[in-house]
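Let me begin by presenting the structure, written as structure tokens, before commenting on it.
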Amino acid sequence: MGLLVFIPHSTEERNMQVQDIMTSNPVCCGGNTTIQEAAKLMAERSIGALPVLNDAGEPMGIVTDRDICCGAVAEGKSGDTAVSEVMSTDVLTTSPEEDVSSCCNKMEERQVRRAVVTDGEGKCCGMVAQADVAREAQGAETADLVQKVSQPEGRSGCC
């Protein structure tokens, strides 16, 4: 008869960190990438946003499918328009070691669905999105994030 060993669960489990749920090495682009190239990348990879990086690999913005549709196409801009003209420059960043709950709080406060994950040198190393939280985090945390990020900002519609 074999020996049965009981290993108790730690009473002090670490909180889930951003690195546990983030997408590592996300598809990115530069500020001179055209909105047509960015849209193609998003369509090919089934993603809704691209971090926009400077030459050092640091985030300088984020461009979303919504930015392209509502901020460029709706305004009659051509496909050759640089993403730097339509991207959001107020990028929420987080570190891989940050607790998911802390990251969610920042996303709620800023009412954003995505954060760019940066390493110790400030370079993009990942992305964490509302969908990542929904897949991996606990139910109450997910519901709270979705509710607070989705609250109206005082403007309606996309354009």
Side-chain angles (χ1 to χ4, degrees), residues 14-137 141-142 144-146 148-155 157-159:
R14 81 172 168 89
N15 291 334
M16 186 176 285
Q17 296 178 324
V18 167
Q19 65 192 349
D20 297 327
I21 66 169
M22 73 181 196
T23 299
S24 299
N25 302 313
V27 178
C28 301
C29 68
N32 292 328
T33 302
T34 67
I35 60 172
Q36 183 176 14
E37 292 168 327
K40 282 182 181 179
L41 279 172
M42 289 183 209
E44 289 169 359
R45 304 291 177 98
S46 295
I47 54 177
L50 296 171
V52 182
L53 309 181
N54 64 20
D55 291 338
E58 302 160 334
M60 59 186 230
I62 189 165
V63 64
T64 66
D65 49 6
R66 185 176 176 94
D67 293 329
I68 293 170
C69 176
C70 299
V73 175
E75 294 177 11
K77 296 185 181 200
S78 79
D80 291 333
T81 302
V83 295
S84 60
E85 291 186 34
V86 298
M87 70 182 185
S88 300
T89 56
D90 187 20
V91 181
L92 176 62
T93 61
T94 186
S95 73
E97 297 82 19
E98 185 170 13
D99 285 347
V100 169
S101 60
S102 173
C103 181
C104 285
N105 288 338
K106 290 178 183 178
M107 291 168 75
E108 290 169 9
E109 288 169 13
R110 300 265 299 272
Q111 287 193 300
V112 295
R113 290 174 167 77
R114 300 166 184 91
V116 177
V117 184
T118 55
D119 62 18
E121 297 175 1
K123 296 181 182 194
C124 177
C125 64
M127 283 277 288
V128 64
Q130 187 178 33
D132 298 319
V133 174
R135 274 192 301 274
E136 303 293 339
E141 198 167 53
T142 300
D144 197 40
L145 176 63
V146 170
K148 290 185 177 162
V149 166
S150 300
Q151 288 176 349
E153 303 175 11
R155 61 181 176 184
C158 93
C159 304

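Just so you know, residue 1 is the first one in the sequence shown, and it goes up from there.
Residues passing the salt bridge (charged side-chain N to carboxylate O under 4.0 Å, His left out) test with Asp90, sequence neighbours excluded: Arg110.
Note that SG of Cys104 is 11.5 Å distant from CD of Glu109, once rounded to the nearest 0.5 Å. Rounded to the nearest 0.5 Å, atoms OG (Ser84) and CE (Met60) are 5.5 Å apart. The line from CD1 of Ile68 to CE of Met87 is 12.5 Å long, rounded to the nearest 0.5 Å. Put simply, CG on Leu53 and NZ on Lys123 are 10.5 Å apart, with the number rounded to the nearest 0.5 Å. In this structure, CD1 on Ile35 lies 12.5 Å from CG on Asp65, to the nearest 0.5 angstrom. We find the CD-CD distance between Glu75 and Glu85 to be 10.5 Å, quoted to the nearest 0.5 Å.
For the residue pair Asn105 and Ser102, no side-chain donor N or O sits within less than 3.5 Å of a side-chain acceptor on the partner. Between the side chains of Glu98 and Thr94, at least one donor-acceptor pair of N or O atoms lies under 3.5 Å.
Nearest heavy-atom pair, Val86 versus Gly71, reported as atom, atom and distance to 0.1 Å: CG1-O, 3.9 Å. For the pair Gln130 and Met107, the tightest heavy-atom approach, listed with the atom from each and the gap, is N-CE, 3.9 Å. Residues Val83 and Ala38 share a closest heavy-atom pair of CG1-CB, 3.7 Å. What you find for Thr93 and Lys106 is that their closest heavy atoms are O-NZ, 4.3 Å. The two residues Pro59 and Thr118 come nearest to each other via the heavy atoms CG-CG2, 3.7 Å. Shortest non-hydrogen contact noted between Val112 and Leu92 is CG2-CD2, 3.7 Å.
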For Asp132 and Thr23, run side chain to side chain contact (heavy atoms under 4.5 Å, CB included): C-alpha distance rounded to whole Å, both residues' side-chain angles, the deciding distance at 0.1 Å, then the answer. CA-CA 8 Å; Asp132 298 319; Thr23 299; 4.1 Å; yes
Working for side chain to side chain contact (heavy atoms under 4.5 Å, CB included), residues Met127 and Val116: CA-CA 5 Å; Met127 283 277 288; Val116 177; 3.7 Å; yes
Would you please test Asp67 and Ser88 for side chain to side chain contact (heavy atoms under 4.5 Å, CB included) and show each step? CA-CA 8 Å; Asp67 293 329; Ser88 300; 3.9 Å; yes
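Inter-residue side-chain proximity for Asn15 and Val100 is flagged as unmet; no heavy-atom pair is nearer than 4.5 Å.
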For residues 40-49, which side-chain N or O atoms pair as donor and acceptor with protein atoms under 3.5 Å away, sequence neighbours left out?
none

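Between Met16 and the choices Asp99, Val133, Ile21, the side chain to side chain contact (heavy atoms under 4.5 Å, CB included) rule is met once, by Ile21.
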